[in-house]
Amino acid sequence: MTAQIRPDLESIPAYTPGRSNPGAVKLASNETTVGPLPAAAKAIAEAAELANRYPDNQVTELRTALAEFLGVGYENVAVGCGSVALCQELVQITCSSPSDEVLFAWRSFEAYPIVTKVGNATAVQVPLTPGQVHDLDALAAAVTERTKLVFVCNPNNPTGTAVGKAELVRFLDAVPSHVLVVLDEAYYEYVRLADHPDGVEIGRTRPNVVVLRTFSKAYGLAGLRVGYAVGAPAVITALLKVHIPFSVNRLAQAAAIASLESRHELLDRTDLLVTERERVRDALVAMGYPVPPSEANFVWLPLGARSAEFGEASAAAGVLVRPYGTDGVRVTIGDPHENDLFLSFAGEPEVLARFLA
């Protein structure tokens with residue numbers, strides 16, 4: 001007789017990472033093409049010499065640095081093994097039975113339904129608008145007495161669209177104060193909206209708001225897995241109770257601290273990527289692709305049922321992109337020559353005839 005496993009786990013899909021192929025251009029994962037900041041690389045090397053020692057389980061130095069950087073208290077910051085780990089921990093601290101509901105837009109970050117089911121809660125999905133943007137009015141209307149947690153991915157992964165500060169504040173005003181709202185701002189550094197939403201500022205007077213950010217994207221530390229949450233002390237204390245001990249490793253902590261200290265160098269990198277993002281989107285729109293405006297480090301092609309087919313054709317041309325079921329294809333912004341290779345494929349007459357007909 002084998003060990004008994006939760007029967008509902010059979011219904012939980014595994015997280016699907018972007019594909020990798022030797023020799024192919026990889027635009028399937030939202031990574032940066034440049035490595036860690038020089039100071040971070042040096043900190044990683046130095047920390048590796050102490051790899052025989054456990055890391056600080058309280059992540060004290062990094063939490064202190066983040067608190068100073070954000071202008072909040074130490075007690076307002078938690079650090080996790082990437083922001084996705086914090087997503088799962090947030091479900092754990094708010095939900096205790098299948099009757100508890102976790103609300104989010106769809107399509108949005110694919111980890112949301114997974115961490116919800118792992119947390120033994122019920123996922124409630126609210127469709128995006130036809131423009132691929134969060135329908136915040138519909139999201140607020142979907143809140144019930146069973147709703148424990150709401151994820152708002154802004155900018156949204158995988159569509160890249162974002163809502164502004166005024167619209168976000170209006171939504172938060174409509175959500176009951178006992179419902180925890182998670183503003184997932186993994187792509188915060190790439191936002192260039194005039195009405196720029198800053199979740200940390202918005203959440204200062206809202207104890208039911210938690211903000212997630214990460215060092216995986218703009219800071220170039222995806223391989224080290226370190227993200228953070230900013231929220232009310234009661235929420236942070238609860239997160240620390242479900243935190244897996246030592247899950248934020250020594251190298252990640254050192255690299256994140258060094259990255260914060262060198263953050264001025266980050267601006268040039270993100271500005272260059274934003275310029276490339278706009279160039280790629282403009283080119284695709286000129287070809288006829290209905291690409292929504294992006295505030296992230298990727299663009300979205302809503303190709304519907306032809307998404308998987310487009311992904312395979314692009315892979316055959318040497319560029320790996322990320323199809324999402326029958327919804328669309330996400331294309332990460334890479335180096336200019338990588339983007340040019342993708343645009344060359346996407347603009348071929350036979351490709352345009354095949355996928356835009």
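Each residue takes its place number in the sequence, starting with 1. The model shown is predicted, which means the values in this text are computed figures rather than measured ones.
- Side-chain atoms of T332 come within 3.5 Å of backbone N or O of S29 as a donor-acceptor pair.
- With hydrogens and angles ignored, the 3.5 Å screen pairs no side-chain donor or acceptor of S314 with any backbone N or O of F310.
- Listed for the R277 side chain is no donor-acceptor partner under 3.5 Å among the backbone atoms of V299.
- A heavy-atom distance below 4.5 Å is not found between the side chains of F215 and L224.
- Taking the six-membered ring wherever Trp is involved, the centroid distance between the rings of F151 and H134 does not fall below 6.0 Å.
- Within the 3.5 Å criterion, the main-chain N or O of A218 finds a donor-acceptor partner in the side chain of Y190.
- A 6.0 Å sphere centred on CZ of R6 holds more than 12 heavy atoms belonging to other residues, nucleotides or ligands.
- Here CD of Q253 is found 6.5 Å from CD1 of I257. Values are rounded to the nearest 0.5 Å.
- The cluster map of Ile, Leu, Val, Met, Phe, Trp and Tyr, joined by side-chain heavy atoms under 4.5 Å apart, puts V182 and L128 in different clusters.
- In this structure, K26 pairs ionically with E31, as a charged nitrogen and a carboxylate oxygen lie closer than 4.0 Å.
- S307 places a side-chain N or O within donor-acceptor distance of the main-chain N or O of G304, the cut-off being under 3.5 Å.
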Contacts table for residues 230-248: side-chain donor-acceptor under 3.5 angstrom, sequence neighbours left out:
from, atom 1, to, atom 2, distance (Å)
T237, OG1, P233, O, 2.9
S247, OG, I244, O, 2.9

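- Separation of atoms CG (L183) and CG (L212) is listed at 8.5 Å; rounding is to 0.5 Å.
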Given side chain to side chain contact (heavy atoms under 4.5 Å, CB included), test T144 with V124 step by step and report yes or no. CA-CA 11 Å; T144 71; V124 178; over 6 Å; no
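- Donor-acceptor pairing under 3.5 Å is lacking for the side chains of T129 and D135.
- The environment of CD in E348 is crowded: more than 12 heavy-atom neighbours from other residues, nucleotides or ligands sit within 6.0 Å.
- Between E309 and R354, at least one side-chain N (NZ, or NE/NH1/NH2) sits under 4.0 Å from a carboxylate O, which counts as a salt bridge.
- Side chains of L260 and Y219 form a contact here, defined as non-hydrogen atoms less than 4.5 Å apart.
- Under a 3.5 Å cut-off, the side chain of R263 and the backbone N or O of F69 do not form any donor-acceptor pair.
- Of the possible donor and acceptor atoms, one in the side chain of T122 sits under 3.5 Å from a partner among the backbone N and O of P98.
- A salt bridge does not link D327 with R322: every distance from a Lys NZ or Arg NE/NH1/NH2 to an Asp or Glu carboxylate oxygen is 4.0 Å or more.
- Atom CG of residue N120 and atom CG of residue D100 lie 9.0 Å apart, to the nearest 0.5 angstrom.
- Rounded to the nearest 0.5 Å, atoms CG (D137) and CZ (F171) are 9.5 Å apart.
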CA sep, side-chain torsions, deciding dist, call: N30, R330, side chain to side chain donor-acceptor pair (under 3.5 Å): CA-CA 9 Å; N30 295 334; R330 189 190 69 194; 3.3 Å; yes
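- Under a 3.5 Å cut-off, the side chain of R250 and the backbone N or O of Y54 do form a donor-acceptor pair.
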Could you go through Q58 and R63, starting from their C-alpha distance and side-chain angles, then the distance that decides it, and tell me whether this counts as side chain to side chain contact (heavy atoms under 4.5 Å, CB included)? CA-CA 8 Å; Q58 297 298 315; R63 289 173 65 195; 3.9 Å; yes
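- When atom types are taken as modelled, the side chain of E167 and the backbone of L136 share no donor-acceptor pair closer than 3.5 angstrom.
- Annotation: side-chain hydrogen bond (donor to acceptor under 3.5 Å, both in side chains) contacts involving residues 334-343, sequence neighbours excluded, comprise T33-D335, E276-N339, R279-D340.
- Side-chain contact between R192 and D271: present, with at least one pair of heavy atoms (C-beta onward) separated by less than 4.5 Å.
- For T161 (side chain) and Q132 (main-chain N/O), a donor-acceptor pair under 3.5 Å exists by modelled atom type.
- In the displayed structure, E68 atom CD is contacted under 6.0 Å by at most 12 heavy atoms of other residues, nucleotides or ligands.
- Contact of the L86 side chain with the E89 side chain is registered, since non-hydrogen atoms from C-beta on lie closer than 4.5 Å.
- Under the 30°/60° scheme for interplanar angles, the aromatic rings of Y112 and F109 are found to stand perpendicular.
- With 3.5 Å as the limit, one finds a donor-acceptor pair spanning the side chains of R225 and S216.
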